[in-house]
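Since the structure comes first, as structure tokens, the remarks are kept for the end.
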Amino acid sequence: MKMSRFYARGRVEKELQVRYDDEETVDNASPETQDIDGENRSQKDTSLSKDYINVPSRPYILKILNKQGDKTVLFADKVLKFTGSGKLKRRILLITDFALYIIDPDTDALKRRIALAAVEKLCLSELGDNFLAIIIPTEYDVLLASTRKTEIVDALVESASDYELDVLRSNRFTYNAAADLVKEVQFEEVEGGIKTRFLQKQVALED
């Protein structure tokens, strides 16, 4: 099995800082659960209600949700998504009570919709990094970076209240970056921060 290694130390943190510097300022002191008809539900209706991008003010997102029949947004924020080749892409992550959406903010296009029932497990380290892997056995997985990864985990666990969603906390885990590509992510606390290492494993396709 051929393996290649590369490191990500400060790149994700810098990209996340750029993300917040570039985006519009929204008052998120007390974010509420948002229904797509524009009405707010109070915090007591759900323990999770984090809309950090003001979904009702974004018509293209409302159109996507209306088309899918989703009405309640439990979490919404800008994140960084890793491609299979390891590149970082800016994306909007939406979590509703039925699905997870990944949207391109530059083209207003829905890149992926994942039914919550298809999510088997969440993987994150025990350290203070920003990485989160969403494991979907029937498809390829998703590796994200977000300063609000704990809130993302909480939203997904809450939305999966009808079944048990595993949460793996380990400083080493694997995920399927593509149909034929498995990567292992390793985290190590070092002086001045956290070192993240990727081990790329090419999986041979069956004839």
>> Taking salt bridge (charged side-chain N to carboxylate O under 4.0 Å, His left out) as the definition, give me every residue that meets it alongside D104, ordered by chain and number, with sequence neighbours left out.
In response: R91
> With sequence neighbours left out, which residue pairs that include part of residues 92-111 fulfil the ring pair (Phe, Tyr, Trp, His ring centres under 6.0 Å) condition?
Replying inline: none
>> Apply side chain to side chain contact (heavy atoms under 4.5 Å, CB included) to residues F82 and V185 and explain how you reach the verdict.
In response: CA-CA 12 Å; F82 285 79; V185 191; over 6 Å; no
> Taking all atoms of both residues into account, what is the closest heavy-atom pair of T147 and N130, and its distance?
Replying inline: CA-OD1, 3.6 Å
> If you take all heavy atoms of F131 and K149, which pair is closest and at what distance?
Replying inline: O-CD, 3.4 Å
> Hey, do the aromatic rings of F187 and F173 have their centres closer than 6.0 Å?
Replying inline: yes
> Do L65 and L94 have side chains that get closer than 4.5 Å, going by heavy atoms?
Replying inline: yes
>> Once side chain to side chain contact (heavy atoms under 4.5 Å, CB included) is applied, do any residues pair with D141, and if so which ones, sequence neighbours excluded?
In response: I135, I136, Y175, N176
>> I'd like to check the salt bridge (charged side-chain N to carboxylate O under 4.0 Å, His left out) partners of K81; sequence neighbours left out, ordered by chain and number.
In response: none
> Considering residues at least two apart in sequence or located in another chain, which fulfil the salt bridge (charged side-chain N to carboxylate O under 4.0 Å, His left out) criterion with E120?
Replying inline: none
> Between E188 and Q186, is a side-chain hydrogen bond (donor to acceptor under 3.5 Å, both in side chains) present by the stated rule, with each step listed?
Replying inline: CA-CA 7 Å; E188 180 184 0; Q186 299 178 358; over 6 Å; no
> Between CG of L74 and CG of D51, what distance do you get to the nearest 0.5 Å?
Replying inline: 10.5 Å
> Hey, are the side chains of I64 and I103 touching, using non-hydrogen atoms and a 4.5 Å cut-off?
Replying inline: yes
>> So, taking the atom named CG in D129 and the one named CD1 in I194, what distance separates them when rounded to the nearest 0.5 Å?
In response: 5.0 Å
> Taking 4.0 angstrom as the limit, do R113 and D70 come out as a salt bridge?
Replying inline: yes
>> My understanding is that only residues two or more places apart in sequence, or in another chain, count here; which of them pass side chain to side chain donor-acceptor pair (under 3.5 Å) with E189?
In response: none
> So with a 6.0 Å cut-off around CD of E126, is the heavy-atom count from everything else above 12?
Replying inline: yes
> To the nearest 0.5 Å, how far apart are CD1 in I134 and CG in L144?
Replying inline: 5.0 Å
> side chain to side chain contact (heavy atoms under 4.5 Å, CB included) with Y140: which residues, sequence neighbours excluded?
Replying inline: R112
> How many angstroms lie between atom CG of L80 and atom OG of S146, to the nearest 0.5 angstrom?
Replying inline: 8.5 Å
> Hey, does I92 have a side-chain heavy atom less than 4.5 Å from the side chain of Y60?
Replying inline: yes
>> Given 3.5 Å as the limit, does a donor-acceptor pair link the side chain of K50 with the main chain of A155, or not?
In response: no
> Looking at A118 and P137, what are the two nearest heavy atoms and their distance?
Replying inline: O-CD, 3.5 Å
> Which residues satisfy the salt bridge (charged side-chain N to carboxylate O under 4.0 Å, His left out) test with R169, sequence neighbours excluded?
Replying inline: none
>> Could you measure the distance from the CG atom of L100 to the CD1 atom of I114? Nearest 0.5 Å is fine.
In response: 5.0 Å
>> I'd like to know if the side chain of R58 and the backbone of I53 have a donor-acceptor N/O pair within less than 3.5 Å.
In response: yes
>> Applying side chain to side chain donor-acceptor pair (under 3.5 Å), can you list everything that pairs with T83, at least two apart in sequence or on another chain?
In response: S85
>> Using the side chain to side chain contact (heavy atoms under 4.5 Å, CB included) criterion, which residues pair with A117? Sequence neighbours excluded.
In response: none
> Which pair of heavy atoms, one from L132 and one from I152, lies closest together, and at what distance?
Replying inline: CD2-CG2, 3.5 Å
> How many angstroms lie between atom NZ of K63 and atom CG of D108, to the nearest 0.5 angstrom?
Replying inline: 10.0 Å
> Does S170 have any side chain to side chain contact (heavy atoms under 4.5 Å, CB included) partners at least two apart in sequence or in another chain, and if so, which?
Replying inline: L168, R172
> Can you find a heavy atom in the side chain of V167 that is under 4.5 Å from one in the side chain of V157?
Replying inline: yes
>> How close do V55 and A76 get, counting heavy atoms only, and between which atoms?
In response: CG2-CB, 3.7 Å
> Run the side chain to side chain contact (heavy atoms under 4.5 Å, CB included) check on E184 and F198 step by step: do they pass?
Replying inline: CA-CA 6 Å; E184 181 177 89; F198 293 78; over 6 Å; no
